[in-house]
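Computed from a prediction, not measured in an experiment: that's the story for all the values here.
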Amino acid sequence: MKRILLKLSGEALAGDKKTGFDEATCMDVARQVKVLADRGLQISIVIGGGNFWRGRTSENMERTKADQIGMLATVMNCIYVADAFRTAGLETEVFTPFVCGSFTELFSKDKAVKAMEDGKIAFFAGGTGHPYFSTDTATALRAVEIEADAILLAKSIDGVYDSDPAVNPDAKKYDTISLDDVLDQKLAVVDLTATIMCLENKMPLAVFGLNEPDSIADLLKGKFNGTYVTVK
């Protein structure tokens with residue numbers, strides 16, 4: 001692989017606190033990403049907003065406004081994690097699909113690719129910039145736009161299962177599964193829009209647990225303990 005998009009779960013970045021940031025977790029992610037960057041991999045990152053916002057808190061709130069708050073949560077996450085990366089010796093740039101003053105750069109494919117080619121880690125914050133689209137969809141969209149070789153999904157669980165392992169103790173974990181089977185079995189690795197986008201654009205995924213030791217750095221060493229989601 002030459003260029004990847006790493007999707008980080010907001011909840012996983014919060015650690016045991018379940019909200020906000022766990023500094024040790026964020027710094028460990030930075031350390032591992034530096035291992036990949038030092039090997040010449042071009043890296044971009046999308047972060048979910050679930051450590052701050054999980055959608056409408058009541059039916060009195062309009063969906064559009066709730067989604068806008070979620071977009072801003074992802075901007076906060078990217079600014080924080082980008083700063084953690086800089087502390088670890090990495091250069092970063094944060095892109096958003098809407099203007100955020102001097103906090104971020106307005107996204108364009110050319111700027112993002114140039115940043116990665118220059119050795120910077122490109123953060124894609126703010127989702128797609130539109131309501132009704134999740135960070136899963138933003139991840140698939142940006143990965144296709146920048147012509148990434150794969151999406152790496154770092155989640156709070158360690159792979160793809162045939163049912164929810166938190167509910168079913170006998171849930172079966174897949175080592176490999178195709179996107180077609182993910183769609184047929186409604187496994188919700190990413191949301192439906194993102195799944196179809198990955199399927200149509202032949203974008204493979206690797207799903208693994210963020211809190212597994214060295215799970216990001218080990219990807220290039222063949223020590224993968226998650227699930228490969230393949231395309232035909």
Side-chain angles (χ1 to χ4, degrees), residues 3-14 19-23 25-27 29-34 36-37 41-55 63-148 151-154 190-191 193-194 197 210 216:
R3 181 180 299 155
I4 58 100
L5 194 154
L6 173 63
K7 165 72 186 300
L8 298 171
S9 158
E11 295 99 316
L13 288 177
T19 187
F21 300 108
D22 179 70
E23 184 176 355
T25 299
C26 294
M27 291 306 301
V29 170
R31 176 189 62 79
Q32 293 187 63
V33 169
K34 191 172 189 305
L36 303 187
L41 198 64
Q42 295 178 13
I43 302 164
S44 57
I45 293 178
V46 170
I47 307 176
N51 53 327
F52 285 114
W53 186 253
R54 292 298 300 171
R63 168 70 185 271
T64 299
K65 301 303 181 188
D67 285 358
Q68 288 170 347
I69 295 171
M71 292 177 215
L72 293 175
T74 70
V75 175
M76 291 193 296
N77 279 349
C78 284
I79 290 172
Y80 180 93
V81 176
D83 192 63
F85 278 31
R86 284 193 287 271
T87 301
L90 291 161
E91 291 188 75
T92 64
E93 195 144 0
V94 180
F95 295 92
T96 48
F98 43 77
V99 176
C100 285
S102 61
F103 295 155
T104 66
E105 282 280 338
L106 194 60
F107 172 82
S108 80
K109 173 185 174 177
D110 291 343
K111 285 182 182 178
V113 170
K114 178 68 164 58
M116 288 185 287
E117 288 176 344
D118 289 344
K120 294 181 180 179
I121 310 300
F123 285 80
F124 301 138
T128 65
H130 299 283
Y132 296 92
F133 293 100
S134 70
T135 49
D136 284 347
T137 301
T139 297
L141 175 64
R142 296 292 182 242
V144 171
E145 281 185 294
I146 66 169
E147 301 175 72
I151 293 170
L152 312 184
L153 282 180
V190 289
D191 68 26
T193 305
M197 187 174 290
L210 177 60
I216 299 172

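Using a 4.0 Å cut-off between charged nitrogen and carboxylate oxygen, Arg3 and Glu147 do not count as a salt-bridge pair. Note on Asp67 versus Arg63: salt bridge recorded, some NZ/NE/NH1/NH2 to OD/OE distance being below 4.0 Å. Using a 4.0 Å cut-off between charged nitrogen and carboxylate oxygen, Arg142 and Glu145 count as a salt-bridge pair.
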*Criterion salt bridge (Lys or Arg N to Asp or Glu O under 4.0 Å) on Asp118 and Lys114, from CA distance to verdict*: CA-CA 6 Å; Asp118 289 344; Lys114 178 68 164 58; 2.8 Å; yes
*Take Glu93 and Lys120, measure what salt bridge (Lys or Arg N to Asp or Glu O under 4.0 Å) needs, and give me the verdict at the end.*
CA-CA 7 Å; Glu93 195 144 0; Lys120 294 181 180 179; 3.2 Å; yes
_Would Thr87 and Met27 count as a side chain to side chain contact (heavy atoms under 4.5 Å, CB included) here? Give the steps._
CA-CA 8 Å; Thr87 301; Met27 291 306 301; 4.1 Å; yes
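Looking only at side-chain heavy atoms (C-beta outward), Tyr132 and Thr64 come within less than 4.5 Å of each other. At least one side-chain heavy atom of Leu210 sits less than 4.5 Å from a side-chain heavy atom of Ile216. Counting heavy atoms from C-beta on, the side chains of Glu91 and Ile121 never come closer than 4.5 Å. Inter-residue side-chain proximity for Phe103 and Ile79 is flagged as met; some heavy-atom pair is nearer than 4.5 Å. Looking at heavy atoms from C-beta onward, Leu5 lies in side-chain contact with Phe124 at the 4.5 angstrom threshold. By the 4.5 Å heavy-atom criterion applied to side chains, Ile146 and Ser44 are counted as neighbours. Counting heavy atoms from C-beta on, the side chains of Cys26 and Glu23 never come closer than 4.5 Å.
Taking the six-membered ring where tryptophan is involved, the planes of Tyr80 and Phe21 are essentially parallel, since the angle between them stays under 30° and well short of 60°.
To the nearest 0.5 Å, atoms CD1 (Ile47) and NZ (Lys7) are separated by 10.0 Å. Interatomic distance, CG of Asn77 versus CG of Leu13, reported as 6.5 Å (0.5 Å rounding).
Residue Leu141 is tested with Thr193, Thr128, Asp136, Val46 for a side-chain contact (heavy atoms from CB on, under 4.5 Å); the sole match is Thr128.
Annotation for Pro97 and Ala125: closest pair CD-O, 3.1 Å, computed over non-hydrogen atoms.
Checked against a 6.0 Å centroid threshold, the rings of Phe123 and Phe85 count as neighbours.
A 6.0 Å sphere centred on NZ of Lys65 holds no more than 12 heavy atoms belonging to other residues, nucleotides or ligands.
Listed for the Trp53 side chain is a donor-acceptor partner under 3.5 Å among the backbone atoms of Ala66. Remark: side-chain polar atoms of Thr96 are not paired, donor with acceptor, to backbone N or O of Leu106 under 3.5 angstrom.
Residues Asn51 and Thr19 have side chains that never bring a donor and an acceptor to within less than 3.5 angstrom of each other.
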